[in-house]
Every structure is written in C-alpha cells, then in structure tokens.
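One structure is given below, encoded as structure tokens.
All residue numbers in this chain count up from 1 along the given sequence.
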Amino acid sequence: MCFLVRRNICCRRRNREHLMSVDLKRGETLPIHINMTFPSLPCDVASIDAIDLSGKHEVDLDTNIWKLRLNSHGHIIGTKYLSDLVEKQHTTRNHDDKEHHDDSAKKPHKFSFDKDAENMINKVKKALENGEGCRVYGVLDVQRVAGNFHISVHALNIYVAQMIFGGAKHVNVSHMIHDLSFGPKYPGLHNPLDDTVRILRDTSGTFKYYIKIVPTEYRYISKEVLPTNQFSVSEYFSPMNEFDRTWPAVYFLYDLSPITVTIKEECWSFLHFITRLSAVLGGTFALTGMLDRWMYRLIKALTTPSARGAYR
C-alpha cells in the first residue's frame, strides 16, 4: 500500500532536496500578486504606482488590478476598476512623487476646479465621513529588476489632496495584507507578509517593506517544473511630523537575489524503505544487546560475594 500518491506516482515517502545555482533568467517579467485591505482609505483616492531601476515609472496601474469598496464594517458595497480612479485634471506627473509634491507646494498660484473635480472631492469627503475603505487585489507584471511599488494618494493633484484631507497627517494608510507573493505557491511555501495587520490610531506615517526575492524552481516528482519566487522581508515605519512634505504611503521595495534555489521532490522506493527499515531494526537489536550485556555485568557485580568475604 502506498503512503503517498502525488500526480499519479506512487511513493512510500516524499523528500525535498534543495540546490542552489546562479540565476540565468533574462528578459522575463516578475508577477506580483496583491491582496490588501485599506479600512480608512476610500477607493477613489487609492492608487498603485510602480518604478524600477530601468527608469520605468507607472502611475495608477490599471492592468489586472481591481478594488472593492468597503463600508465601515468591512462589507463589500461596490466594485470599480482602477483605470477610472485617475484624477482627471492631473495630466502631467514627474517620475519622483516626492519632488512632484514638493514642487507643487512651492507654487502658490490659484487652482480652478471643474465640475467633475468638485464632484469627486465631495464624493471622497462623503466616503471618509461614512468610514469607507478599499480592498485592492490583482497582479502586477513588472520588469525583473529591482524596484518598488506603493499604494498611496500620490495620483491626486496636491491641491485636490489638500482639499480632501486637509493635510498629509490626516491620510490614514492602515492596512491588512491578506496575500503578497511573487509567483505561484508550491507545497510548503510560506510568504512572510501574509495576514499582516498594521492599524494606525491618532497618527499617520509611511510604511516601508524591504523585500529580498529569491528566484525558486520547484520540481515535482512527475518532472513538472514550477517557476516561482520566495522572499524575506524587513519592515520600517516612519511617523509623520509637521515638517514632512511627503504624503503617507505603503511602500514595497524589492530586490532580486542572483542565486536560484531549486527544490526537487524525491520519491523513496520500496527498496529504499526496506533498507532504512532494516537499518533501524539492526540498530535497535544492537542497542538492546549492548544494554543486556551491561545489565548482566551490573547484576553479577552486585550479587556475587567478593573473594575476601568467601574466606571468612
């Protein structure tokens, strides 16, 4: 009888072997699976931006990214595709969000809003009053180089953001990470950020997760290969103060290891099972035999009278 059946292959026991080699992959994309909840950030202002070392910068990513409107109890009340969330009058954006906000703040000129912008501002204010949140999920396909993506209100014009929130310190980026992964899951994989909860009360700030991605290949017994990635993470939180000129956000800064880990499933055959069983039984008999000899000598030493006592 088989102890394990995996992909139509009968095994007595499954073992995993870990191998390491230089990562030779080129010209591939890196899939980032996201599933997060922002209980205090309405969907109309939350945006996902990404930038990598190649200089590619994307704002308000909308490909394969979805979000769900949540009420104050966390229940779904509506859905919306992220491409509809761009602030319509904000047509030019710099590659550096920080410089964008700083430069905008230095220009004390008048800003006029059209009817659509005013409606959007009123809508977001009402959502904040009702305690609306947002659940963001989907897949980002980025270049296979170091970079970062972040969820924030950076897509908004600085003046629109000021009218909605009244200042950066009122932007609450509390979040729950239900799932964050860089590829499909394989047996035994644990993603360290899954089920992470970070709730801010009476404060605001920026979260930064520094992620080290390790390219991984999982080879099943059936010889099928599953390319994926595992990662480690460290976390940093920077609270807002009155002199900060940036806006709160949740950053995920990632880098890739040059080493690939290959995990191979090995199937122990029936002969291997018998050999190991024989070794265990042989060791057991050897140990019991040794214990028997020691006990015999101990009992004999305790019960046999000494030669001196016999002459008396």
Side-chain angles (χ1 to χ4, degrees), residues 34-50 58-62 65-94 97-98 100-105 107-138 149-176 198-207 240 242 244-251:
I34 305 171
N35 188 352
M36 300 178 61
T37 293
F38 292 84
S40 302
L41 199 64
C43 286
D44 291 278
V45 294
S47 67
I48 299 181
D49 309 335
E58 297 181 87
V59 181
D60 275 339
L61 291 169
D62 59 2
I65 297 295
W66 300 84
K67 63 184 180 178
L68 306 173
R69 289 177 56 205
L70 306 176
N71 61 18
S72 58
H73 302 289
H75 300 147
I76 299 172
I77 57 177
T79 62
K80 199 165 188 178
Y81 196 59
L82 279 183
S83 60
D84 296 330
L85 306 177
V86 181
E87 201 285 313
K88 295 178 181 177
Q89 288 200 350
H90 185 43
T91 57
T92 58
R93 302 180 178 95
N94 293 331
D97 284 319
K98 180 178 179 181
H100 163 70
H101 285 280
D102 291 348
D103 294 342
S104 298
K107 299 177 181 179
H109 60 276
K110 292 183 179 181
F111 187 86
S112 61
F113 300 100
D114 59 16
K115 191 65 175 179
D116 291 337
E118 292 180 358
N119 291 338
M120 191 273 287
I121 292 172
N122 294 330
K123 180 181 178 182
V124 175
K125 285 185 175 180
K126 184 177 180 181
L128 289 171
E129 292 175 359
N130 295 334
E132 280 193 25
C134 187
R135 184 161 184 166
V136 180
Y137 68 96
F149 67 94
H150 54 277
I151 297 92
S152 65
V153 298
H154 292 170
L156 292 175
N157 183 285
I158 185 66
Y159 299 103
V160 174
Q162 285 283 2
M163 291 191 67
I164 292 174
F165 295 100
K169 62 182 180 180
H170 297 134
V171 179
N172 190 334
V173 291
S174 297
H175 58 279
M176 293 170 280
R198 298 292 180 267
I199 303 297
L200 298 176
R201 302 186 187 281
D202 301 325
T203 187
S204 185
T206 295
F207 291 89
M240 293 290 297
E242 57 181 339
D244 285 337
R245 307 190 70 172
T246 58
W247 289 74
V250 180
Y251 282 85

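Here the closest heavy-atom approach between residue Gly205 and residue Val173 is recorded as O-CG2, 3.3 Å. The shortest heavy-atom contact between Trp247 and His154 is O-NE2, 3.5 Å. Across all non-hydrogen atoms, the minimal contact from Ser47 to Ala155 is OG-CB, 3.5 Å.
Put simply, CG on Asn122 and CE on Met163 are 8.0 Å apart, with the number rounded to the nearest 0.5 Å. For the atom pair CG (Leu200) and CG (Asn172), the distance works out to 5.5 Å, reported to the nearest 0.5 Å. Between the OG atom in Ser174 and the CZ atom in Arg198 there is a gap of 11.0 Å [rounded to 0.5 Å]. Taken from CD1 in Ile151 to CD1 in Ile65, the straight-line distance is 8.5 Å, to the nearest 0.5 Å. Here the CD1-CD distance, from Ile164 to Gln162, works out to 10.5 Å after rounding to the nearest 0.5 Å. Annotation: the span from His75 atom NE2 to Leu68 atom CG amounts to 13.0 Å, rounded to 0.5 Å.
Listed for the Ser204 side chain is no donor-acceptor partner under 3.5 Å among the backbone atoms of His170. Using modelled atom types, one side-chain atom of Asn157 and one backbone atom of Tyr159 make a donor-acceptor pair closer than 3.5 Å.
Annotation: side chain of Pro42 is not in contact with side chain of Asn130 (no heavy-atom distance under 4.5 Å). Between Ile77 and Leu70 the shortest side-chain heavy-atom distance does not fall below 4.5 Å. Considering only heavy atoms from C-beta on, Val124 comes within 4.5 Å of Met120 through its side chain.
Ring geometry for Phe207 versus His175: interplanar angle over 60°, hence perpendicular rather than tilted (30 to 60°).
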